[in-house]
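Report on the following structure.
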Amino acid sequence: MRTLRGEFTERVLDLVEQIPPGKVLSYGEVAAILEQGFGRAVGTVLAREGAAVPWWRVVRKDGTITEQLVQRAVEHWAVEGTPHSPEGRVDMAAALWNGPYPT
DNA sequence: CTCTTGACGCCGG
DNA sequence: TCCGGCGCCAAGA
């Protein structure tokens with residue numbers, strides 16, 4: 001159960017849940033779409049409560065993810081068909097999501 | 001309130 | 001390409 005949390009945390013989790021399978025968003029993109037905070041802050045939120053959402057759909061801008069999670073992430077990417085290299089780097093050009101409000 | 005930590009991003013060397 | 005340094009913000013101690 002999720003107890004009351006900051007508004008920023010709520011928005012980050014809501015957006016991450018909207019990312020379609022097979023697609024990804026960078027930490028910085030999440031902050032940009034919300035028009036609040038920066039990648040660093042998004043990472044802080046996911047580190048604390050990311051377990052409740054598809055956290056593997058949020059990666060660094062270069063398509064990599066922290067070493068501590070790359071193994072688990074690759075498994076999810078394989079199941080969802082997210083384009084990625086065997087080393088654990090998502091092909092951003094092909095997997096980047098347009099966002100909830102495609103212009 | 002201040003200080004530290006962290007699943008980031010950009011620029012240099 | 002691989003570091004190292006610095007700035008960014010949110011949350012916790």
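It should be emphasised that the depicted structure is a prediction, and the values quoted were computed from it without experimental measurement. Note that these values count all heavy atoms, side chains included, but never hydrogens, waters or copies made by symmetry. Just so it is clear: chains get the letters A, B, ... in the order the sequence lines come, proteins before strands, and each one is counted from 1.
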Taking the side chain as every heavy atom from C-beta outward, state whether [X] and [Y] have any pair of such atoms under 4.5 Å apart.
X: A:Leu69; Y: A:Trp56; answer: no
X: A:Phe8; Y: A:Thr44; answer: no
X: A:Met92; Y: A:Val59; answer: yes

Roughly how many Å is it from [atom1] in [X] to [atom2] in [N], rounded to a whole number?
X: A:Lys61; N: B:dG9; atom1: NZ; atom2: P; answer: 8 Å
X: A:Glu35; N: C:dA10; atom1: CD; atom2: P; answer: 14 Å
X: A:Leu34; N: C:dC8; atom1: CG; atom2: P; answer: 20 Å
X: A:Asp62; N: B:dC11; atom1: CG; atom2: P; answer: 14 Å
X: A:Arg48; N: C:dA13; atom1: CZ; atom2: C1'; answer: 12 Å
X: A:Glu67; N: B:dG6; atom1: CD; atom2: P; answer: 17 Å
X: A:Ile65; N: B:dG9; atom1: CD1; atom2: C1'; answer: 16 Å
X: A:Leu13; N: B:dA7; atom1: CG; atom2: P; answer: 15 Å

If you check every side-chain atom of [X], which of [options] has the closest atom?
X: A:Trp55; options: C:dA10, C:dG12, B:dA7; result: B:dA7
X: A:Thr44; options: B:dG6, C:dA10, B:dA7; result: B:dG6
X: A:Phe38; options: C:dC9, C:dA10, B:dA7; result: C:dC9
X: A:Thr66; options: C:dA11, C:dA10, B:dA7; result: B:dA7

On DNA chain B, check which nucleotide each of A:Ser26 and A:Ala41 is closest to and give me the residue with the more 5' one.
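It is A:Ala41 whose nearest nucleotide is closer to the 5' end.
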What does A:Tyr27 touch in the nucleic acid at a heavy-atom separation under 4.0 angstrom: a base, only the sugar-phosphate, or nothing?
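It contacts base atoms.
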Categorize A:Leu69 for me: base, sugar-phosphate, or nothing, with a 4.0 angstrom heavy-atom threshold over every strand shown.
base
Please check if any side-chain donor atom of A:Ser85 sits under 3.5 Å from a side-chain acceptor atom of A:Glu87, or the reverse.
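Short answer, yes.
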Whether A:Arg60 contacts B:dG9 is assessed here as follows: a side-chain N or O lying under 4.0 Å from the phosphate OP1 or OP2. Is that the case?
no
Does NZ belonging to A:Lys61 count more than 12 external heavy atoms closer than 6.0 Å?
no
